[in-house]
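Below is one structure, written out as structure tokens; comments come after it.
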Amino acid sequence: MNIGLIAMSGVRVKTEELAKLGVTLPGFVNRGKVIASLPSLGLLIVAALTPEEHEITYIEVADIREVKELPEFDLVGLSSFTAQIDEAYELADRYRSRGTTVVIGGTHTTLCPDEAQKHADAIVCGGAEDVWPQLLRDLEQGRMQRRYRGANRGFYTKGEPAMPRFELLQGRPYNRITIQTSRGCPLDCDFCAASKIFTPMFEQKPVAAIEKELERVTELFDRPFIEFADDNTFVSRAWSRQFLPVLTRFGLRWFTETDIRVADDPDIPKMLYDSGCYQVLIGLESPRESSLDGIERNNWKAKRRGQYLSSIDRLQSAGVTVNGCMIVGLDSDTPDIFTEIRDFVREAGLMEVQITCLTPFPGTRLYDRLKAERRLLQERFWDRCTLFDVNFRPKNMTVDELEAGMRWLFTELYTEDMMRDRRRRYVEIIKTLEGSAPAEES
Amino acid sequence: MADPKEARLRRVVARVARVEPDSFDVDDDLRVTLGLDSLSALRVAAGVEREFGVTIPDERLHDLPTMKAMLDYLKETP
């Protein structure tokens with residue numbers, strides 16, 4: 001079979017005032033742009049699970065958005081997050097109208113299977129491992145089922161994990177190549193629509209398997225920048241101490257998302273820097289303890305609030321910049337939360353900050369709660385799940401106050417002066433670090 | 001014989017980019033040739049400041065994309 005795997009990308013802010021701000025203050029949408037331009041690791045794994053007799057073509061939706069005639073395939077596989085799902089459905093409908101078999105998977109499909117089912121010949125909920133080869137066999141034998149439920153645990157315990165087909169990305173202008181070192185997260189935040197929905201467990205890939213992927217990526221790409229496509233990479237100190245020296249050997253530059261405990265081990269920040277870590281994104285969520293209260297099932301983040309400043313300082317002093325992710329619109333947020341966040345960012349000296357709006361992704365506990373409390377602004381708002389658009393009534397301010405507060409915060413945090421201050425601070429840190437490093441050979 | 005200042009600068013860039021010092025030209029846009037992103041550019045700037053004892057004005061930290069631009073800056077800096 002000739003199989004087309006189509007990655008959906010290109011999230012756009014819907015609120016007009018925010019979209020305009022994105023033009024004048026590019027700093028605030030940088031991370032969004034990076035995410036939108038990452039390759040779909042899920043589809044590369046699907047490609048790896050596909051038996052060799054089938055031909056695979058990997059396409060970014062941006063490549064076919066404007067074409068009159070869609071490329072022809074026997075089977076089209078689509079993977080999409082919530083914000084792009086309507087475009088995915090439209091594409092699926094176009095393919096199906098001309099007789100092409102369409103399979104849809106990914107996070108939104110896993111969260112809203114009944115909806116996705118209406119636009120696909122079959123859907124895959126959860127990970128494609130275990131079910132994709134079976135689906136292909138079923139299709140060839142004319143008995144494909146409407147729904148396949150993939151693996152949701154044991155990703156790394158059933159033999160060697162599939163090597164993603166990174167070679168499908170060659171010749172394309174990706175800024176970053178993604179590698180996964182874990183699935184799931186030990187935390188259980190009520191707003192999370194990430195890999196937690198694929199597995200209730202936190203599973204870390206064996207270091208030897210990651211090493212093979214790094215070898216493959218460095219064979220294929222010249223000086224790749226690696227983004228670890230994890231929700232929380234450095235949970236285990238023992239695993240981190242095993243993994244980071246291996247990573248150091250590759251001489252790469254890389255980024256990941258993790259939680260604040262990464263700074264607990266006094267040796268880890270330096271190991272991160274030595275291994276080429278440029279930045280860790282940490283979901284700090286809020287400087288206000290009452291706003292953190294209750295967002296995580298065990299209240300882990302609220303308990304950790306007291307260590308935020310010292311942990312950020314420990315990482316950044318080691319040359320690892322922290323991108324502190326903040327959420328506005330939490331239930332204890334009042335209109336003065338915006339100045340509180342600005343002051344915290346300044347006090348912490350955060351090298352980068354990402355301000356996002358609390359977003360009730362369908363299928364999450366947050367969505368169910370806000371729906372029960374009749375606080376959702378619309379019944380269906382998937383294309384507004386951009387992390388910047390407001391989709392619910394906040395508890396202690398109006399929607400207008402939340403939107404205006406976000407715009408104010410963006411202008412406060414992403415001015416050229418603030419950016420310049422951050423750049424100077426980073427230069428001074430690196431000078432100090434490199435000044436204490438062993439002398440170079442001349 | 002290579003300019004000693006250029007040789008020192010090459011070592012600074014090479015160390016940040018993790019490449020050999022002779023693997024790029026003075027006119028190369030280092031963001032393209034070596035894939036240096038904004039943080040890498042700041043690391044190069046830090047290396048230049050430390051190696052040559054200068055302080056690059058903050059507004060120029062992101063404005064030295066080639067070896068030539070950096071050498072010109074060093075020439076005009078007392």
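Only heavy atoms go into these numbers, but all of them, side chains included; no hydrogens, no water, no symmetry mates.
To the nearest 0.5 Å, atoms CZ (A:Arg423) and CZ (B:Arg60) are separated by 13.5 Å. In this structure, B:Leu39 CG and A:Arg253 CZ are separated by 10.0 Å, a value rounded to the nearest 0.5 Å. In this structure, CG in B:Leu42 is found 9.5 Å from OH in A:Tyr278, a value given to the nearest 0.5 Å.
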Evaluate the criterion salt bridge (charged side-chain N to carboxylate O under 4.0 Å, His left out) for residue pair B:Asp58 and A:Arg420; output intermediate values, then yes/no.
-> CA-CA 6 Å; B:Asp58 292 349; A:Arg420 197 179 293 156; 5.9 Å; no
After noting the C-alpha distance and the side-chain angles of A:Arg424 and B:Thr55, does the key distance pass the side-chain contact (heavy atoms from CB on, under 4.5 Å) rule?
-> CA-CA 10 Å; A:Arg424 171 50 59 190; B:Thr55 302; 3.9 Å; yes
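Looking at heavy atoms from C-beta onward, B:Arg50 lies out of side-chain contact with A:Thr432 at the 4.5 angstrom threshold.
Taking chain A as the reference chain and counting heavy-atom pairs below 4.5 Å, the highest number among B:Arg18, B:Arg8, B:Glu49 is found for B:Arg18. Between chain A and the options B:Gly35, B:Gly47, B:Ser40, B:Ala45, heavy-atom pairs under 4.5 Å are most frequent for B:Ser40.
For chain B, the nearby part of A:Arg223 is the side chain; its heavy atoms alone come within less than 4.5 Å. With a threshold of 4.5 angstrom between heavy atoms, B:Ala17 approaches chain A through N, CA, C or O but not through any side-chain atom. Looking at B:Leu61, only its side chain comes within 4.5 Å of chain A, counting heavy atoms on both sides. For A:Leu252, the part sitting under 4.5 Å from any heavy atom of chain B is the backbone (N, CA, C, O) and nothing else.
In this structure, B:Arg43 forms no cation-pi arrangement with A:Tyr426, as its terminal cationic atom is not both closer than 6.0 Å to the ring centre and no more than 45° off the ring axis.
For A:Glu434 and B:Arg15, the salt-bridge test passes: some basic side-chain N is under 4.0 Å from an acidic carboxylate O.
Annotation for B:Glu20: atom CD does not count as buried by contact number, only 12 or fewer foreign heavy atoms lying within 6.0 Å.
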